[in-house]
Number of protein chains: 2
Amino acid sequence: MSKKIARGPYKPGRIRAQSRDLILQAALAEFACHGFRGTTMQRIAEAAQVPKANIHYYFSNKLGLYGAVLENTLNLWDAVFNEISDHDEPADVLSSYIDAKIEFSRTHPKASRLFAKEMISGAPHLSAYLQQDYRLWFKQRMSIFESWIAQGKMDNVAPAHVIFMIWASTQYYADFEPQILIATDTKTVSEQAFLDAAESIKHIILKGCGIR
Amino acid sequence: MSKKIARGPYKPGRIRAQSRDLILQAALAEFACHGFRGTTMQRIAEAAQVPKANIHYYFSNKLGLYGAVLENTLNLWDAVFNEISDHDEPADVLSSYIDAKIEFSRTHPKASRLFAKEMISGAPHLSAYLQQDYRLWFKQRMSIFESWIAQGKMDNVAPAHVIFMIWASTQYYADFEPQILIATDTKTVSEQAFLDAAESIKHIILKGCGIR
DNA sequence: CGAAAAGTTGACTAAATAGACAGCTATTGA
DNA sequence: TCAATAGCTGTCTATTTAGTCAACTTTTCG
């Protein structure tokens with residue numbers, strides 16, 4: 001451990017070494033798998049291959065580290081949330097969103113699992129982060145769905161439940177991977193399986209909502 | 001704590017007092033919320049209102065207790081799994097199954113969450129329990145779907161993904177309750193919300209699969 | 001009844017854990 | 001070059017935790 005990176009003018013707490021990223025990455029893996037209380041600083045240190053004391057150099061304490069990991073994760077979510085506002089036709093909007101969500105599950109399974117663990121535990125550390133934007137996003141999408149229904153572009157299905165169904169179905173492929181592996185008797189969920197999943201979900205959601 | 005129950009002929013480890021159920025119930029709540037490692041025997045003891053040492057009278061150790069809780073939970077799942085073999089028409093079969101799954105989410109949210117936590121953690125303690133029956137059940141349903149497709153009773157959608165979609169959508173209402181509460185800005189998920197969810201899921205899945 | 005077993009518990013122990021801290025090395029910028 | 005600071009780490013400590021144990025109370029059944 002003797003890697004350093006270029007550093008700008010001295011501003012305490014601004015620019016940090018690579019170790020910080022190693023720690024965040026290892027912490028995400030551990031927290032996603034064992035939750036906040038179930039994760040030990042020692043295990044994170046071992047996974048990141050840094051001494052435990054080094055973690056406490058970059059993060060005030062365990063909760064601080066967890067908060068940093070959560071924040072990283074939520075920024076990733078936001079990117080997917082906002083990636084769908086260009087199109088107008090329900091079929092295009094939902095298709096893109098489902099594709100983006102499935103792709104997120106494939107490329108960021110740990111982030112998805114961390115989020116899921118938080119939710120299942122009652123979101124004890126999450127409320128502070130989302131509250132504001134989250135509801136706004138949800139309400140806006142709800143009203144878009146309602147206008148589509150009014151225009152006869154889709155069936156009169158409760159918009160909230162459609163959104164929940166999309167979230168549930170797409171996140172499932174990251175969060176419940178073992179269940180998929182056991183059921184399908186395979187070792188890994190292939191990229192093709194993710195693509196197939198996206199196709200099936202799109203078919204069922206679009207046709208099921210009477211779109212197009 | 002001085003309640004006892006009627007006991008049969010003396011067979012060590014056969015018939016146990018009410019405390020055992022209290023402990024199992026408290027343990028389910030704690031494990032479902034904090035996972036295996038994140039749960040302490042002390043907290044379970046407090047929740048069950050028994051001394052910690054009493055837990056170790058009924059259960060060999062923490063893992064033994066967790067195993068007992070898991071087994072209880074999986075027995076509940078099995079009941080739902082097998083509750084759908086009477087009907088023949090896809091619409092009836094899927095409707096009943098979705099209703100049963102949503103009802104399970106409503107009445108046994110903790111069991112659902114415990115199961116979800118296990119899956120997200122990589123199912124470290126679960127493999128031993130299901131493996132056998134689980135795949136069989138899955139394969140049987142898959143072939144039923146395939147025969148429906150062959151008979152033109154439903155669209156050619158990959159059966160596995162349909163099942164995953166039903167599992168994901170129905171379990172979501174138990175596992176991700178906080179996400180629902182935040183999104184819909186409510187305090188609790190009402191029974192009516194569960195019924196609405198079931199209706200929406202049934203509508204989308206059935207129509208989406210081209211059934212009836 | 002009364003001995004034996006079931007059921008219960010407070011007090012203890014060994015291990016694990018979060019975090020503190022003093023001292024070390026490497027890098028910076030004047 | 002060199003002092004100041006960033007970056008790093010071995011060691012220690014107070015606390016929490018799983019699990020033990022011996023002693024206690026209640027129930028069973030001959």
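Small disclaimer: the values here were computed from a predicted structure and weren't measured. Labels below follow one simple rule: chain letters A, B, ... track the order of the sequence lines, proteins then strands, and each chain is numbered from 1.
No donor-acceptor pair under 3.5 Å is formed between the side chain of B/Ser112 and the backbone N or O of B/Ser105. Within the 3.5 Å criterion, the main-chain N or O of B/Cys209 finds no donor-acceptor partner in the side chain of A/His203. For A/Glu118 (side chain) and A/His125 (main-chain N/O), a donor-acceptor pair under 3.5 Å exists by modelled atom type.
For residues 64-73 of chain A, proximity to DNA chain C is found at no residue, defined as any non-hydrogen atom under 4.0 angstrom from a strand atom. Of the residues in residues 36-43 of chain B, those lying under 4.0 Å from DNA chain D by heavy-atom distance are B/Thr39, B/Thr40, B/Met41, B/Gln42.
Spacing between atom CD1 of B/Ile23 and atom P of C/dT8 amounts to 8 Å, rounded to whole angstrom units. Atom NE2 in A/His34 sits about 13 Å away from atom P in C/dA18, given to the nearest Å. Regarding B/Asn61, its CG atom lies at a distance of 19 Å from the P atom of C/dA14, rounded to whole Å. If you take OH of A/Tyr57 and P of D/dC8, they are 7 Å apart, rounded to a whole angstrom. A straight line from CD of B/Gln18 to C1' of C/dT8 spans 15 Å, rounded to a whole angstrom. If you measure from atom CZ of A/Phe59 to atom C1' of D/dC8, you get 15 Å, rounded to the nearest angstrom. Distance A/Ile55 CD1 to C/dT17 P: 13 Å, rounded to the nearest Å. Between the C1' atom of C/dT8 and the CG atom of B/Asn54 lies a distance of 6 Å, rounded to the nearest Å.
When side chains are defined from C-beta on, B/His108 does not count as touching B/Thr73, because their heavy atoms never get closer than 4.5 Å. Counting only heavy atoms from C-beta outward, the side chains of A/Ile144 and A/Val93 never approach each other to under 4.5 Å. The shortest distance between side-chain heavy atoms of B/Ile201 and B/Tyr173 falls below 4.5 Å. You'll find the side chain of B/Pro178 stays beyond 4.5 Å of the side chain of A/Leu126, heavy atoms only.
Checked options B/Trp167, B/Trp137, B/Phe115; the residue passing with B/Trp77 is B/Phe115 (criterion: ring pair (Phe, Tyr, Trp, His ring centres under 6.0 Å)).
Note on ring orientation: taking the six-membered ring where Trp is involved, the planes of A/Phe36 and A/Phe31 are parallel (angle under 30°, cut-offs 30° and 60°). The aromatic rings of B/Phe164 and B/His161 stand perpendicular to each other, their planes meeting at an angle above 60°, with 30° marking the opposite boundary. Ring geometry for B/Trp148 versus B/Phe145: interplanar angle of 30 to 60°, hence tilted.
Pairs engaging residues 158-181 of chain B under the salt bridge (charged side-chain N to carboxylate O under 4.0 Å, His left out) rule: B/Arg113-B/Glu177 [sequence neighbours left out].
Checked against D/dC8, D/dG19, C/dT8, the side chain of B/Ser19 finds its nearest nucleotide in C/dT8. Taking every side-chain heavy atom of B/Tyr58 into account, C/dG7 is the closest of D/dA18, D/dG10, C/dG7.
Across its full length, the helix from C/dC1-D/dG30 to C/dA30-D/dT1 shows an angle of 10° between the axes of its 5 terminal pairs at either end, rounded to 10 degrees.
Checked against side chain to side chain contact (heavy atoms under 4.5 Å, CB included), A/His34 has the following partners two or more places apart in sequence or in another chain: A/Glu30, A/Thr39, A/Arg43, B/Arg37.
Summarising the geometry, atom NZ belonging to A/Lys52 is positioned 12.5 Å from atom CD1 belonging to A/Ile23; distances are rounded to the nearest 0.5 Å.
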Check the interface with nucleotides 20-24 of chain D: list each N/O to N/O pair with the protein under 3.5 Å, or write none.
none

